[in-house]
Amino acid sequence: SFAEGDLSNLTRLRSWEAALRIFAAHPLQGVGWGGYGFWFYRVLGDEAGVAVMGWPVTNSLPLRLAAETGAVGLFLWGASLLRPLAPLARLWTPRGPLQTGEICAFVLATCVAAMLFQMLTFSQLQMPHLWLLAGVSAAGAREAGRVA
């Protein structure tokens, strides 16, 4: 909901706006990992008063990466997802039934894609199971051709 009286929605919108402004000001290298909270009030000024949080968070992984690591970090992080998401290519290039190893890799890749979708608007990025999922998925994609 984009209700004007709902502070949680306004906080999220202001957080995204701040991340975009930070990225616009530092597009190549960002402001450094963990720097978003320090820059939040600087880029929003008086508009930051609507934020209802103790420490500002972006509420979006891609926007956090853009603001804190710039285009370079966003590109490198995106490149690191190629292997975990590779099994999803089977959706566009079917070549018969999935083999045993491919099924596991495909399921893991689907979970990573769902996690990334959730991270578009989620603020709890430090949850270890999310990062373990990406790592296990990368290993599963690597081993997919070897398991039979």
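Under a hydrophobic clustering in which Ile, Leu, Val, Met, Phe, Trp and Tyr are joined whenever their side-chain heavy atoms come within less than 4.5 Å, directly or via other members, Leu81 and Leu76 fall into different clusters.
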**Report entry** Asn59 and Trp16: CA distance, side-chain angles, deciding distance, side chain to side chain contact (heavy atoms under 4.5 Å, CB included) verdict
**Finding:** CA-CA 7 Å; Asn59 292 300; Trp16 294 345; 3.9 Å; yes
Report task. Go through Leu108 and Val112 one step at a time and tell me if the side chain to side chain contact (heavy atoms under 4.5 Å, CB included) criterion holds. Result -> CA-CA 6 Å; Leu108 287 171; Val112 169; 5.6 Å; no
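Through direct or indirect side-chain contacts shorter than 4.5 Å among Ile, Leu, Val, Met, Phe, Trp and Tyr, Leu120 is connected to Phe117.
Looking at Glu68, its side chain does come within 3.5 Å of a backbone N or O of Gly34 through a donor-acceptor pair. Remark: the backbone N or O of Val57 is paired with a side-chain donor or acceptor of Ser15 at under 3.5 angstrom.
For residues 104-117, no pair satisfies salt bridge (charged side-chain N to carboxylate O under 4.0 Å, His left out), with sequence neighbours left out.
Between Ala24 and Pro27, the shortest heavy-atom distance links the atoms O-CD, 3.7 Å. Smallest separation of non-hydrogen atoms from Ala19 and Ala67: O-CB, 3.8 Å. Of all the heavy atoms in Pro56 and Tyr41, the pair that sits closest is CG-CE1, 3.5 Å.
Separating the OG1 atom in Thr110 from the CE atom in Met115 is a distance of 12.5 Å, to the nearest 0.5 Å. In this structure, CD1 in Ile22 is found 11.0 Å from CZ in Arg64, a value given to the nearest 0.5 Å.
Not counting sequence neighbours, the partners of Ala113 by the side-chain contact (heavy atoms from CB on, under 4.5 Å) test are Leu85, Leu88. Not counting sequence neighbours, the partners of Ala66 by the side-chain contact (heavy atoms from CB on, under 4.5 Å) test are Phe23, Leu74. In this structure, Phe75 has no ring-ring contact (aromatic ring centres under 6.0 Å, His included) partners at least two apart in sequence or on a different chain. In this view, Glu17 and Arg14, Arg21 satisfy the side chain to side chain donor-acceptor pair (under 3.5 Å) rule, not counting sequence neighbours.
Counting heavy atoms from C-beta outward, Arg12 and Thr121 have side chains that approach closer than 4.5 Å. Looking at Val31 and Phe38, their side chains never come closer than 4.5 Å, going by heavy atoms from C-beta outward.
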